[in-house]
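Only this structure's heavy atoms are used, side chains among them; waters, hydrogens and symmetry mates stay out. Numbers for residues simply follow the sequence, beginning at 1. Each ligand, and each atom within it, is numbered from 1 in the order the structure gives.
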Amino acid sequence: MRAVKLSSPNTVTLEEVDVPEPGPGEVRVKVAGAGLCHSDLHLVDMGDEWPAFGLTLGHEGAGTVDKLGPGVTAHKEGEPVIVNLVWSCGECRACVEGRDNACEVTGGRDSFPTGPGLGAQGSMADYIIVPSRHALPLGDIDPVGAGPLTDAALTPMRAINSVRDRLTPGATVVIIGIGGLGHMGLQIVKAISAATVICVDMDEKKLEHAKELGADETFTPDAGTAAKILAETGGYGADVVLDFVGVQPTVDLAAGAIAPEGKVRLVGLGGGKYPASAEISAPWGVNIQRSYGGTREDLLQVLALAHAGKIKIDYVTYPLDRFQQAFDDLRAGKIVGRAILVP
Ligand SMILES: [Zn+2]
Ligand SMILES: [Zn+2]
């Protein structure tokens, strides 16, 4: 079968490999579509720092169950499934407490839990092997376009669930970066709250997209954007800022626009540093958290919203063989919504 592999530092190649066999407790999934994420570009850009070459990329996979490993009873062949992003153990204290994205066993203090294309072989291939419990039924959702629900929607869902107490009617939410995650985050906030949503992106095309998806206000960022957001909120600030970019200017914008006791979620891996200190600083009481992936409960909520027609992934497809074009287009900022590789 074909697999898109991080074969050596900074190099992604399409390789021919054996079709893998599912072991005990695993299923083999015939991939219908695999989303391409900025995190994939980060892995490529890590160069020598990435520890394991030969890894098949792809952490946003969906398809149909093709073969059951020994002992698997929860699935049947031909069933459409989505491959969970976070391969938590399910049994450690963090998992039992419903914090699977902080699993102590498959992740740990210094690392996120393993997942497809991020430790285990990923979904940019004809087939992928998945632990049975991490293949979740898709029902009647088309598996070709469903893969991004497991990151582009799941990751915002976790960040948004962690700020739910601030999403009261009358609240203002700022979403920075209307790419794969941002366009889903916008839909989720709109689906679960009556908050006013302000979207910020460098790209007018993405702001148009945000307006189509229900954004109340959009801004291209400049030195005056934080002031404009303050003006929109009577000088008080936004209750929630979701930063899906995470570079220094966007983190600074979050700090400049957040309200007292507001909640900032830093999701994008842009390396920006939030200006926080233990001293009294304005605004008072801001809650800042990095956010990684999501829990199984978050993923079930995402699937429920998708089934209800409240959220949908906007995507463009590329044949698996044309993966390089998709990587190049994502890097050039040409993708509106998500790019999906179709085997
Ligand atoms: Zn991702
Ligand atoms: Zn665990």
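With Val81 as reference, Val65 is the one residue of Leu138, Val65, Val130 to meet the side chain to side chain contact (heavy atoms under 4.5 Å, CB included) rule. With Val316 as the partner, the side chain to side chain contact (heavy atoms under 4.5 Å, CB included) test is satisfied by one option alone out of Ile340, Val336, Ile335: Ile335.
For the 3.5 Å distance criterion, the side chains of Gln301 and Asn161 qualify, holding a donor opposite an acceptor. Checking Arg265 against Ser162 by side-chain atom types alone, a donor-acceptor pair falls below 3.5 Å.
Within the hydrophobic cluster formed by Ile, Leu, Val, Met, Phe, Trp and Tyr side chains joined at under 4.5 Å, directly or through other members, Leu269 stands alone, with no partner residue.
Under 4.0 Å is where a charged nitrogen must lie from a carboxylate oxygen, and between Lys30 and Asp66 no such pair does.
Counting only distances under 2.8 Å, and ignoring water, the protein N, O or S atoms around the Zn ion (ligand 1) are Cys37 SG, His59 NE2, Asp151 OD2.
The shortest distance between side-chain heavy atoms of Val174 and Val200 falls below 4.5 Å.
Note on Val267 and Leu330: same hydrophobic cluster, where clusters join Ile, Leu, Val, Met, Phe, Trp and Tyr whose side-chain heavy atoms are under 4.5 Å apart, directly or indirectly.
Under the salt bridge (charged side-chain N to carboxylate O under 4.0 Å, His left out) criterion, Asp100 pairs with no residue, sequence neighbours left out.
Of all protein N/O/S atoms, those lying under 2.8 Å from the Zn ion (ligand 2) come to 4.
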